[in-house]
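These notes concern the structure reproduced below.
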Protein chains: 2
Amino acid sequence: MTVGQNIHSSPIPVLCHSCEARHSGVCGALDPDQLVRFAETTTRHKIEPGGALIGDAEPVYSYSNLLSGVVKLTKTLSDGRQQIVGLQFSPDFLGRPFKLESAINAEAATSVTLCSFPRAAVERMMKESPELEHRLFKQTLNELDDARELMVTLGRKTAPEKVASFLLMIGRNMHSGVDSAERPTCFDLPLTRAEISDFLGLTNETVSRQLTRLRVDGVIRIENKRHVTVDSMSRLEQRCGGRVAPL
Amino acid sequence: MTVGQNIHSSPIPVLCHSCEARHSGVCGALDPDQLVRFAETTTRHKIEPGGALIGDAEPVYSYSNLLSGVVKLTKTLSDGRQQIVGLQFSPDFLGRPFKLESAINAEAATSVTLCSFPRAAVERMMKESPELEHRLFKQTLNELDDARELMVTLGRKTAPEKVASFLLMIGRNMHSGVDSAERPTCFDLPLTRAEISDFLGLTNETVSRQLTRLRVDGVIRIENKRHVTVDSMSRLEQRCGGRVAPL
DNA sequence: GTGCTGGCTTGACCGAAATCAGGGCTTCGG
DNA sequence: CCGAAGCCCTGATTTCGGTCAAGCCAGCAC
């Protein structure tokens, strides 16, 4: 379902009007004319949980904006051990620029909607618009910051701290509404217990045990296995291990 | 010791002539004229092991090219637990663009020589030269790949696999000479046992034990605690845990 | 020389998390 | 209806790596 109905009188493509990527995502780098040309090449997809987006060691033919849902980036050892090395939320840009092969797998963790572009279109637009490359650069720097934060969690935190840190991270990315340390925050976990364990370097049993512990201690409530309410984010924070960057 | 002796007849600043960053580093993005103006702002430093380059939560006033030595990037929890989140080798660019505060510490692991520029000079030059930003972007993407590789090691590998993976990584970054799976490779470890443990999410005792085990098994030889010889890189690889990206 | 410090190694012991096992609940398809 | 498959929870047991402790050695100050 190709988009791009090249209407000359419309300065911005119809489908881009309500698109989050148009504002906070990478498409915000493009002027109306560029956006029209770019939108001619895009396609929209919906992918169900578990669907593969990018296979490890496969050539990459397209890039995408993530419009809704959560994507998990994974790496797998040959004996099956798996590590989730990143989570992406809308309006993130998906794909590794400047490399023909991906070194990681990308998979839909929840239902996901994408706006995809052919590889060549992104590369052409990037040459044309330094601002586009600039936005991708900034996103990459943020991903690097996140990756390094996760490294501390993986290498130096205990199981209880890991699970608390995960909930805090998800809460901050998924919650809708005001952000307050003392207001109740609730959200749906985008991952199963097994996936959380692959994110934190634990087993699903340990994740389950730590979640029940947080529940019986009154830090969180859980409904239907997935819906989490955090009454006090600050109590959750206390369980994350001393914050990085004291002072 | 400011450099930049603005000699009009010299198309390339004297000190840049023999500089690795001029070729494979970020300065390769600049034309001679830009390089002359840029070099006027640079200073060279030598820093001894343990010297701090960037403090966590401190404002960043300068960026640098790493000319020689190894820099470790660390994050610390408030109770003192530490994680090394990256190692940098020449001719890497040091510093986090677009943020006034660093979220990590950078410290000299070995003796280090730097070519430093004021923050403003880098930002000005980046606006002027998209190619400079492009190179920084590419380095950042490589750092992200490295970070994600390390995440697999931290989250899913055993202690013996972690230590083997570390030696393999260092061997590939520090060795001089031909790269062959069967030729002996030797190098000096740039980190102490305690630092290696902070890199791998282990204790110094465990690192020591695993190194001993690799030694008695004949995979490596160690002289003076620091100098390592790997007779067969392929035997070392076998101990790293199944490779990521089978096929 | 002596003593001190810091890095490294090794051993004994312990504990946090993995492993193994069982059972409950929901969903889905016959 | 039944049964199978997934996901989740919990208990019992094991084990890997952490903790504690001791000792060696090289470098350095005095």
Side-chain angles (χ1 to χ4, degrees), chain A residues 48-50 72 77 79-83 107 109-111 153-167 188-217 220-228 239 241, chain B residues 48-50 72 77 79-83 107 109-111 153-167 188-217 220-228 239 241:
Chain A
E48 293 309 312
K72 56 174 183 167
L77 299 178
D79 62 2
R81 283 175 287 175
Q82 195 171 69
Q83 177 67 45
E107 188 181 316
T110 65
S111 282
T153 302
L154 287 170
R156 288 305 184 197
K157 289 192 183 178
T158 65
E161 289 167 347
K162 284 180 177 182
V163 174
S165 303
F166 172 75
L167 290 177
D188 283 320
L189 292 176
L191 304 182
T192 67
R193 305 293 187 266
E195 288 171 326
I196 297 172
S197 70
D198 283 342
F199 186 77
L200 296 173
L202 298 170
T203 60
N204 54 4
E205 293 96 328
T206 299
V207 170
S208 184
R209 277 187 253 269
Q210 297 308 326
L211 285 174
T212 50
R213 198 174 150 191
L214 287 170
R215 186 166 44 74
V216 303
D217 289 357
I220 59 173
R221 279 174 287 156
I222 305 181
E223 294 156 47
N224 296 325
K225 314 288 184 195
R226 288 292 192 115
H227 191 74
V228 174
R239 297 193 175 225
Chain B
E48 293 310 313
K72 56 174 183 166
L77 299 177
D79 62 2
R81 283 176 287 176
Q82 195 171 68
Q83 177 67 44
E107 189 180 314
T110 65
S111 283
T153 301
L154 287 170
R156 287 305 183 197
K157 290 191 183 177
T158 65
E161 289 167 347
K162 284 180 177 182
V163 173
S165 303
F166 172 75
L167 290 177
D188 282 321
L189 291 175
L191 304 182
T192 67
R193 304 293 187 266
E195 287 171 326
I196 297 172
S197 70
D198 282 343
F199 186 77
L200 296 173
L202 298 170
T203 60
N204 54 5
E205 293 95 328
T206 298
V207 171
S208 184
R209 276 186 255 268
Q210 298 308 328
L211 286 174
T212 307
R213 202 175 145 191
L214 287 170
R215 186 165 45 72
V216 304
D217 289 356
I220 59 172
R221 281 174 286 156
I222 305 181
E223 293 155 49
N224 296 325
K225 314 289 183 193
R226 287 293 192 115
H227 191 73
V228 174
R239 297 195 173 223

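All values reported here derive from a predicted model rather than from experimental measurement. Side-chain atoms are counted along with the backbone in the values below, which use heavy atoms only and exclude waters and symmetry mates. To find a chain, count down the sequence lines: A is the first, B the second, and so on, and within it residues start at 1.
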Atom NE2 of B:His227 and atom P of C:dC8 are separated, to the nearest Å, by 16 Å
So do A:Gln210 and A:Arg215 actually touch side chain to side chain, heavy atoms under 4.5 Å? no
In whole angstroms, the gap separating P of C:dA16 from CG of A:Leu202 amounts to 14 Å
With the side chain defined as heavy atoms from C-beta on, B:Thr203 is closest, among D:dT19, D:dC9, C:dT9, to D:dT19
Strictly below 4.0 Å: does B:Arg193 bring a side-chain N or O up to OP1 or OP2 of C:dC8? yes
Atom NZ of B:Lys225 and atom C1' of D:dA26 are separated, to the nearest Å, by 9 Å
Q.
Please confirm whether the shortest side-chain N or O distance from B:Thr212 to OP1 or OP2 of C:dT10 is below 4.0 Å.
A. yes
Is a donor-acceptor pair below 3.5 Å formed from side chain B:Arg209 to base C:dG11, judging by atom type as modelled? yes
B:Asn204 CG to D:dG17 C1', in whole Å, measures 13 Å
In the structure I gave you, are the side-chain heavy atoms of B:Asp188 and B:Asn224 within less than 4.5 Å of one another anywhere?
no
Under a 4.5 Å cut-off applied to non-hydrogen side-chain atoms, are A:Leu200 and A:Ile196 in contact?
yes
message = So A:Gly50, base contact, sugar-phosphate only, or nothing? Heavy-atom distance under 4.0 Å.
response = nothing
* To do: Please evaluate the base of C:dC8 for a donor-acceptor partner in the side chain of B:Glu205 within a cut-off of under 3.5 Å?
  => no
Any A:Thr206 side-chain nitrogen or oxygen under 4.0 Å from OP1 or OP2 of C:dA18: yes
- 4.5 Å side-chain heavy-atom contact, B:Arg226 and B:Ile222: no
Notebook entry, point to check: How is A:Leu211 classified with respect to the nucleic acid when contacts are heavy atoms under 4.0 Å: base, sugar-phosphate, or nothing?
Noted result: nothing
Rounded to whole Å, the CZ-C1' distance (A:Arg213 to D:dC9) equals 16 Å
To the nearest angstrom, the CD-P distance between A:Gln210 and D:dC8 comes to 16 Å
- Query: At under 4.0 Å between heavy atoms, what does A:Thr192 touch on the DNA or RNA strands: base, sugar-phosphate, or nothing?
  - Reply: sugar-phosphate
ask   = Side-chain contact, heavy-atom cut-off 4.5 Å: A:Lys72 with A:Glu195?
value = yes
Rounded to whole Å, CZ of B:Arg226 lies from P of C:dG6 at a distance of 16 Å
From CG of B:Asn224 across to P of C:dT9 the rounded distance in Å is 12 Å
